[in-house]
**Student:** 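Input: one structure, supplied below.
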Amino acid sequence: MFYSLGKYILLLRLSFKRPEKFSVYWAEVMREMVSTGIGSLGIISIISVFIGAATTIQVAFQLSSPLVPLSTAGKIARDSTILEFSPTISALVLAGRVGSSIASQIGTMRVTEQIDALEIMGVNAPGYLIAPKIIAGITMVPILVIVSIALGMTGGWIACLFGGEVTPADYIVGLRDGFDPLTMQVALVKATVFGFIIASICAYQGFYTSGGALEVGQSATRGVVYSCVMILFADLVITRLML
């Protein structure tokens, strides 16, 4: 465990050494941001709308009491979406989509000796391959989470519009009632940490792949599994520290 942790920390240290040529690294960062952000927007949007709708329906069902204001359903759905559903579920989905891609891409370069060729040419391979992915992760995942929160609340409004348990007007009142900006801060901190975890752990698994195509698949699987476990652990720690 400590051996792997040491290799992980040393790899991160190499990844953020001063780059040889900023223009090349900048182009890689832009490409990774497009791949991570724009490429994941569709699946995040679909998941967010349906989760927001399902959450609102379930909350409305559980609060079906004449003593509880109908606007409470919107308030609970809002806080649940901001604090937990959008950051954590989005990160788990991105770990499967983006993380596996990172691990398999770098792992393939390792087993086909492309990384060795970069090092022979004097290129800092971890900096060229890993740093842009980490920067893209910590930049684009918070943006995707913000989009997910907005679409989740929209999905809840659509559920109220067609469901009938809570009127859309009561739902909007609940969204506005007692909003605490701290919840958004917690969501953005979680998203930034989750983006770093996904990119760095999956890149680590891919960078130290050895063997052939079978091992590349195993590295991608390990990267996704370890990322998901660390996302849930970080979610617990951040929630405990900030709330």
**Student:** Just wondering, do F196 and I201 contact through their side chains at under 4.5 Å, heavy atoms?
**Tutor:** no

**Student:** Could you check T154 against V49 for side chain to side chain contact (heavy atoms under 4.5 Å, CB included), going step by step and ending with a plain yes or no?
**Tutor:** CA-CA 7 Å; T154 303; V49 170; 5.7 Å; no

**Student:** Would a hydrophobic clustering, with Ile, Leu, Val, Met, Phe, Trp and Tyr connected at side-chain separations under 4.5 Å, put F85 with L236?
**Tutor:** no

**Student:** Please name all residues satisfying ring-ring contact (aromatic ring centres under 6.0 Å, His included) with Y208, sequence neighbours left out, ordered by chain then number.
**Tutor:** Y204

**Student:** State, without any angle test, whether K190 and T239 hold a side-chain donor-acceptor pair at a distance under 3.5 Å.
**Tutor:** yes

**Student:** Who are the salt bridge (charged side-chain N to carboxylate O under 4.0 Å, His left out) partners of R97, not counting sequence neighbours?
**Tutor:** none

**Student:** Looking at T72 and V68, would you say the former's side chain and the latter's main chain have a donor-acceptor pair under 3.5 Å?
**Tutor:** no

**Student:** Taking L14 as the starting point, is it possible to reach I9 by hopping between hydrophobic residues whose side chains are less than 4.5 Å apart?
**Tutor:** no

**Student:** What residues form a salt bridge (charged side-chain N to carboxylate O under 4.0 Å, His left out) with D79, not counting sequence neighbours?
**Tutor:** none

**Student:** What residue among L12, V29, I198 forms side-chain contact (heavy atoms from CB on, under 4.5 Å) with I134?
**Tutor:** L12

**Student:** Side chain of E215, backbone of G212: donor and acceptor closer than 3.5 Å?
**Tutor:** yes

**Student:** With distance as the sole test, does T139 use its side chain to make a donor-acceptor pair with the main-chain N or O of A136 at under 3.5 Å?
**Tutor:** no

**Student:** What residues form a salt bridge (charged side-chain N to carboxylate O under 4.0 Å, His left out) with E28, not counting sequence neighbours?
**Tutor:** R31

**Student:** Within a strict 4.5 Å, meaning less than it, do heavy atoms of the L129 and I115 side chains meet?
**Tutor:** yes

**Student:** I44 versus V147: any side-chain heavy-atom pair under 4.5 Å?
**Tutor:** no

**Student:** Could you tell me whether a side-chain N or O of S148 sits under 3.5 Å from a main-chain N or O of L144, the two making a donor and an acceptor?
**Tutor:** no

**Student:** Can you list the steps and then say if V24 with Y128 is a side chain to side chain contact (heavy atoms under 4.5 Å, CB included)?
**Tutor:** CA-CA 9 Å; V24 176; Y128 179 72; 3.5 Å; yes

**Student:** Could you tell me which residues satisfy side-chain hydrogen bond (donor to acceptor under 3.5 Å, both in side chains) with Q114, sequence neighbours excluded, listed by chain and number?
**Tutor:** T112

**Student:** Return yes if a side-chain donor-acceptor contact under 3.5 Å exists between E84 and T88, otherwise no.
**Tutor:** yes

**Student:** Between S200 and Y8, does any side-chain donor sit less than 3.5 Å from a side-chain acceptor?
**Tutor:** yes

**Student:** Under the ring-ring contact (aromatic ring centres under 6.0 Å, His included) rule, collect the residues that match up with F207, sequence neighbours excluded.
**Tutor:** none

**Student:** Decide whether D180 and T183 meet the rule of one side-chain donor and one side-chain acceptor closer than 3.5 Å.
**Tutor:** no

**Student:** Would the number of heavy atoms belonging to other residues, nucleotides or ligands and lying under 6.0 Å from CZ of F61 be above 12?
**Tutor:** no

**Student:** Given V111 and V216, is the side chain to side chain contact (heavy atoms under 4.5 Å, CB included) satisfied, shown in steps?
**Tutor:** CA-CA 8 Å; V111 300; V216 171; 3.9 Å; yes

